Amino acid sequence: MLTSYVSPTVYLKLIATTIFWGATWVVAHILVEEVPPFTASFVRFAIAVAALAWFVWDKEGRFPPLTRHQMGTVFWLGFIGVFLYNYFFLTAMQHITAGRGALVIALNPVLTALVAWLWFKEGITARKLLGIVVALSGCLLVISKGRFEEILNGGLGIGELLAIGCVVTWAFYTFIGRYATRTLSPLVATFYACLVGCVMLGVASISEAPWTLVGHFSTKAWFSLLFLGFFARALGGTWFTDAVKEIGATRTAPFINLTPISGVLLGALVLEERLDRVVLIGGALTIFGVMLTVYQKKQKR
């Protein structure tokens with residue numbers, strides 16, 4: 001059977017997106033040295049919302065109105081996937097290295113599969129279950145630095161706990177997003193979610209008096225915010241969504257494994273973070289477990 005032609009540009013955009021996402025941990029680490037988390041998140045998403053508004057208008061020719069039910073769904077998308085996630089994300093970067101954060105975030109698809117199985121009663125294969133166990137073991141190795149007894153004794157640092165919070169919030173954002181995209185396009189749902197989350201972050205940032213800070217941002221801070229808002233969130237998210245539509249979720253999912261790899265490598269290159277043997281072994285186990293989890297056999301027609 002002949003297969004339809006897929007432009008190499010789709011795969012190049014996917015690779016670029018995963019590099020963008022891996023680099024967010026490095027860029028955020030640089031940003032929080034100068035800008036407090038709520039202010040950084042608010043400005044980042046103000047940039048992202050402006051870019052997404054442009055994308056929506058270009059594709060839809062309007063901003064589709066929302067029903068009352070859709071408003072409720074979008075509210076939870078914005079609160080969980082934008083407000084909570086970004087507070088955890090940027091605050092975590094004040095306490096842990098970019099490479100460790102990127103490896104913990106590699107658990108996103110694994111936790112999503114686990115929640116789908118336990119909470120939403122979705123089917124699970126032996127391969128996927130093995131992948132979940134392997135990935136969780138690798139992640140525990142990373143966050144405990146090989147000392148598992150610290151986890152049992154409550155010795156995890158605030159940075160690791162916040163990074164785990166990122167994983168949990170993103171898993172629930174994924175499920176709410178699945179529900180939202182039954183009646184909204186992924187681009188429109190993402191735009192409204194980012195808009196809602198941006199408003200929430202703006203309100204929260206009042207405690208940091210952002211109006212006294214913005215005028216003093218360095219060029220490095222503005223570049224970091226532009227990268228996080230436009231390239232990583234708006235452009236990268238749009239490219240990834242387009243890839244799912246073009247080649248399907250099964251062929252798109254494995255590219256996510258490049259995200260923690262790029263995060264670790266960029267952390268070592270840009271921030272000169274040390275790559276401990278335990279972290280490398282745990283990271284390899286995590287990524288291998290993720291690959292087992294997202295792998296699906298091709299089904300016959």
Side-chain angles (χ1 to χ4, degrees), residues 13 16-17 20-21 23-25 27-28 31-32 34-68 70-91 93 166 169-170 172-174 176-181 183-211 213-215 217 221-245:
K13 287 181 176 180
T17 296
F20 290 163
W21 289 349
T24 58
W25 290 89
V27 176
L31 180 63
V32 295
E34 179 179 342
V35 185
F38 279 127
T39 298
S41 296
F42 170 62
V43 178
R44 172 197 180 184
F45 273 89
I47 295 171
V49 167
L52 287 167
W54 173 30
F55 294 158
V56 170
W57 189 265
D58 181 61
K59 285 196 173 185
E60 304 281 342
R62 62 179 187 135
F63 297 112
L66 299 178
T67 65
R68 181 178 298 180
Q70 289 170 334
M71 288 180 184
T73 305
V74 164
F75 170 84
W76 288 111
L77 280 175
F79 176 67
I80 294 175
V82 177
F83 179 79
L84 284 182
Y85 178 91
N86 282 275
Y87 174 71
F88 290 153
F89 168 56
L90 287 174
T91 308
M93 283 296 87
C166 289
T169 52
W170 192 260
F172 281 96
Y173 174 80
T174 300
I176 299 171
R178 286 185 189 179
Y179 185 74
T181 51
T183 56
L184 294 170
S185 73
L187 178 59
V188 171
T190 301
F191 164 67
Y192 282 121
C194 287
L195 180 61
V196 170
C198 184
V199 172
M200 293 178 179
L201 290 167
V203 173
S205 70
I206 293 175
S207 62
E208 299 170 349
W211 54 88
L213 303 173
V214 174
F217 286 175
W222 278 115
F223 175 80
S224 299
L225 289 165
L226 178 64
F227 177 84
L228 292 171
F230 180 76
F231 289 97
R233 190 59 167 123
L235 189 61
T238 301
W239 281 355
F240 192 83
T241 301
D242 289 343
V244 172
K245 183 178 180 180

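Everything quoted here is computed from the prediction, not taken from an experiment.
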Minimum side-chain heavy-atom gap [X]-[Y] below 4.5 Å:
X: Leu90; Y: Pro36; value: no
X: Phe75; Y: Met200; value: yes
X: Phe79; Y: Tyr173; value: no
X: Phe42; Y: Val203; value: no
X: Asp242; Y: Lys13; value: no
X: Val74; Y: Leu184; value: yes
X: Val214; Y: Trp222; value: yes
X: Thr190; Y: Arg233; value: yes

Going from [atom1] on [X] to [atom2] on [Y], what distance comes out if it is rounded to the nearest 0.5 angstrom?
X: Leu201; Y: Phe45; atom1: CG; atom2: CZ; answer: 7.0 Å
X: Trp76; Y: Ile176; atom1: CH2; atom2: CD1; answer: 8.0 Å
X: Leu31; Y: Phe217; atom1: CG; atom2: CZ; answer: 7.5 Å
X: Phe191; Y: Thr238; atom1: CZ; atom2: OG1; answer: 12.0 Å
X: Leu235; Y: Thr17; atom1: CG; atom2: OG1; answer: 7.0 Å
X: Leu77; Y: Phe172; atom1: CG; atom2: CZ; answer: 13.5 Å

Where [X] and [Y] come nearest, the two heavy atoms and their spacing:
X: Ala51; Y: Phe230; result: CB-CD1, 3.5 Å
X: Leu225; Y: Ile47; result: O-CD1, 3.7 Å
X: Thr181; Y: Pro186; result: CG2-CA, 3.8 Å
X: Val32; Y: Met93; result: CG2-O, 3.8 Å
X: Ala46; Y: Cys198; result: N-SG, 3.6 Å
X: Val188; Y: Pro64; result: CG2-CG, 4.0 Å

Any donor-acceptor pair under 3.5 Å from [X] side chain to [Y] backbone:
X: Thr67; Y: Gln70; answer: yes
X: Asn86; Y: Val82; answer: yes
X: Thr169; Y: Cys166; answer: yes
X: Arg44; Y: Leu228; answer: yes
X: Thr39; Y: Val35; answer: no
X: Ser205; Y: Glu208; answer: no

Practice prompt. Evaluate the criterion side-chain contact (heavy atoms from CB on, under 4.5 Å) for residue pair Ser185 and Lys59; output intermediate values, then yes/no.
Written response: CA-CA 11 Å; Ser185 73; Lys59 285 196 173 185; over 6 Å; no

Worksheet entry | Residue that, paired with Phe38, satisfies ring-ring contact (aromatic ring centres under 6.0 Å, His included) out of Phe88, Phe89, Tyr87 | Tyr87

Discussion item. Is it the case that atom OH in Tyr85 sees more than 12 heavy atoms from other parts of the structure closer than 6.0 Å?
Written reply: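 Yes, the 6.0 Å shell around OH holds more than 12 heavy atoms from other groups.
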
Worksheet entry | Geometric class of the Phe63/Trp57 ring pair [parallel <30°, tilted 30-60°, perpendicular >60°] |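 If you compare the ring of Trp57 with that of Phe63, the planes turn out tilted.
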
Worksheet item: Between Trp21 and Phe240, how do the two ring planes meet: parallel, tilted or perpendicular, split at 30° and 60°?
Response: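 Tilted.
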
